[in-house]
Protein chains: 2
Amino acid sequence: MSGERSGAGDPAKTLRLLWREPGAAPRRGPRQTLSIDAVVDAGTAVADAEGLAAVSMRRLATDLGVSTMTMYTYVPGKAELVDAMLDAAYARMPRPDTTGRPWRERLTAVADANRALCRTHPWVAGVHTARPTLGPGAMARYEYELSALDGLGLSDVEMDDALTYLTGFVYGCARAEADARAAATDSAMNDEQWWAANAPLLAKVFDAEAYPLAARVGTAAGTAHGAAYDADHAYTFGLARVLDGLAALVER
Amino acid sequence: MSGERSGAGDPAKTLRLLWREPGAAPRRGPRQTLSIDAVVDAGTAVADAEGLAAVSMRRLATDLGVSTMTMYTYVPGKAELVDAMLDAAYARMPRPDTTGRPWRERLTAVADANRALCRTHPWVAGVHTARPTLGPGAMARYEYELSALDGLGLSDVEMDDALTYLTGFVYGCARAEADARAAATDSAMNDEQWWAANAPLLAKVFDAEAYPLAARVGTAAGTAHGAAYDADHAYTFGLARVLDGLAALVER
DNA sequence: ATTAACTCTGTACGCCGTACAGTATAACGA
DNA sequence: TCGTTATACTGTACGGCGTACAGAGTTAAT
């Protein structure tokens with residue numbers, strides 16, 4: 001499949017891993033030399049530095065000094081490992097108390113916290129979360145974020161809608177930013193260099209008179225952002241729109 | 001890397017492919033038995049039916065009745081093939097004239113057209129487009145979509161911002177929807193079945209009193225949407241917010 | 001007739017996740 | 001104390017991926 005997905009493993013095995021349920025039987029064989037946390041942390045370290053695509057069972061095993069198949073004694077498989085990495089990242093998010101602050105400020109804090117998460121762990125933005133991680137970190141995060149929408153007169157369903165909409169925007173931005181960085185790394189060209197390589201070639205085939213708006217606006221946007229994707233600008237612009245959009249719901 | 005990326009191939013080769021620039025030299029060897037379009041169409045057919053992950057050089061070669069390496073005489077590589085598939089999809093988007101209509105209606109049409117694209121070709125939503133496809137289809141699409149924002153008193157840069165914001169929302173929704181479908185296919189469980197498998201296990205470890213909002217809102221949202229991700233609802237809710245957000249910019 | 005350009009193909013390399021079988025280890029019941 | 005047995009760990013192997021490379025066959029220009 002394209003990209004990684006959360007909640008893709010066996011439900012029972014995944015929940016046992018996420019909540020660290022101890023194996024029922026007393027442990028009879030040799031002691032484990034590593035721990036689940038060591039594996040999860042190793043995965044996170046590789047993903048942070050080189051992207052989730054670099055996280056392979058072979059790679060983590062090498063980093064941890066064990067053989068590849070040993071990984072499977074700590075974690076049922078790659079799918080469950082990704083869930084564990086994700087839940088651990090959620091668990092580490094700061095959750096400052098913003099009770100009593102204006103709703104825009106509280107929602108901005110939620111948005112910023114998620115953006116910060118995606119900046120320290122760019123791979124988080126790329127995980128497909130249709131089937132959410134149901135671990136303790138995810139629960140704590142959901143509870144905290146809903147609290148920012150509590151007491152605004154929204155129905156329960158509207159609270160969930162609004163949160164989905166807000167985080168959807170933040171992760172969309174974060175994904176674009178992570179994507180831009182990954183493209184630069186993989187191609188060994190920054191945006192400016194890439195455009196410099198493409199512009200002269202495109203000029204030979206593109207008819208600016210046939211597409212006047214595209215030519216004019218494309219040039220203006222490229223010049224304004226230095227031909228590079230400006231993640232901060234997109235986030236600032238978008239978040240203002242998102243809050244204005246929610247205002248129509250909250251202050252109705 | 002996780003997932004497919006556009007604009008990841010060699011710039012010169014990619015642009016030659018997208019604009020179908022004829023090879024300079026007269027053709028000396030045997031005639032080709034297939035065509036670029038046949039390869040692009042075969043890739044699109046597989047991606048539509050089974051997802052972009054199912055599109056491999058070996059698979060397309062088999063479908064087209066040639067050997068794997070023959071693919072490379074039509075297309076420089078997988079990266080360039082994805083660009084060609086994407087540009088062809090853009091080129092096929094309908095572009096009805098909405099000149100003179102209210103701006104909300106015009107932008108809704110743009111949003112709906114992109115949503116329709118992502119429904120006939122769910123893989124489109126999953127392509128990372130930090131480095132855009134610079135083919136004729138992409139250019140025609142950009143021109144058309146900008147025209148919906150022309151004459152509203154926005155600066156060129158604001159037009160690009162607004163379009164980025166709008167399409168960002170649409171593709172975010174589309175990605176969630178495609179993701180939900182892919183998860184259901186891959187896991188052989190629909191959302192309801194997946195939740196039914198997880199709920200009893202989660203109930204054993206989740207403390208509803210520690211996370212009262214999460215428990216209450218999660219239940220309400222799950223009940224309202226039949227425990228399934230409701231893509232139409234998210235889109236309708238979100239698009240209203242997006243347009244309200246842009247109204248603050250347009251009608252200022 | 002020769003040569004150069006081109007199409008097509010088979011093999012091979014290094015990645016991936018992981019199934020499976022085998023061996024070493026440590027705690028339990030006797 | 002001595003099996004017995006659950007467990008930890010490892011090596012090999014399979015089928016997938018993109019694609020580099022070398023070679024064989026085909027056609028048009030010289």
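Chain identifiers are assigned alphabetically (A, B, ...) following the order of the sequence lines, protein sequences preceding nucleic acid strands; residue numbering begins at 1 within each chain.
- With sequence neighbours excluded, no residue satisfies salt bridge (charged side-chain N to carboxylate O under 4.0 Å, His left out) with B/R175.
- Taking only side-chain atoms of B/R28, from C-beta outward, the nucleotide of D/dA8, C/dC6, C/dC8 with the closest atom is C/dC6.
- The CG atom of A/D186 sits 16 Å away from the P atom of D/dG18 (whole-angstrom rounding).
- Rounded to whole Å, atom P of D/dC17 lies 12 Å from atom CE of B/M71.
- The two residues A/R131 and B/M189 have their closest heavy-atom pair at NH2-O, 3.0 Å.
- Note that CG of A/L81 is 9.0 Å distant from CD of A/E4, once rounded to the nearest 0.5 Å.
- Regarding contacts with the backbone of C/dC8, every side-chain N or O of B/S67 stays at 4.0 angstrom or more from both OP1 and OP2.
- Contact record, A/P136 with B/Y211: O-OH, 4.4 Å, taken as the closest heavy-atom pair.
- Comparing A/Y74 and B/R31 against DNA chain D, the residue whose closest nucleotide sits nearer the 5' end is A/Y74.
- Note on B/T33: a side-chain N or O is less than 4.0 Å away from OP1 or OP2 of C/dC8.
- With A/R119 as the fixed residue, the salt bridge (charged side-chain N to carboxylate O under 4.0 Å, His left out) test singles out one of A/D232, A/D112, A/D48: A/D232.
- Rounded to an integer number of Å, the gap from A/L64 CG to D/dT10 C1' is 16 Å.
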Which nucleotides of nucleotides 16-24 of chain C have their base under 4.0 Å from a protein heavy atom (B), which only their sugar-phosphate (S), and which neither (-), written as one string 5' to 3'?
BBBBB----
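- Note on A/T70: every side-chain N or O is 4.0 Å or more away from OP1 and OP2 of D/dC9.
- Between A/M139 atom CE and A/D87 atom CG the span is 8.0 Å, to the nearest 0.5 Å.
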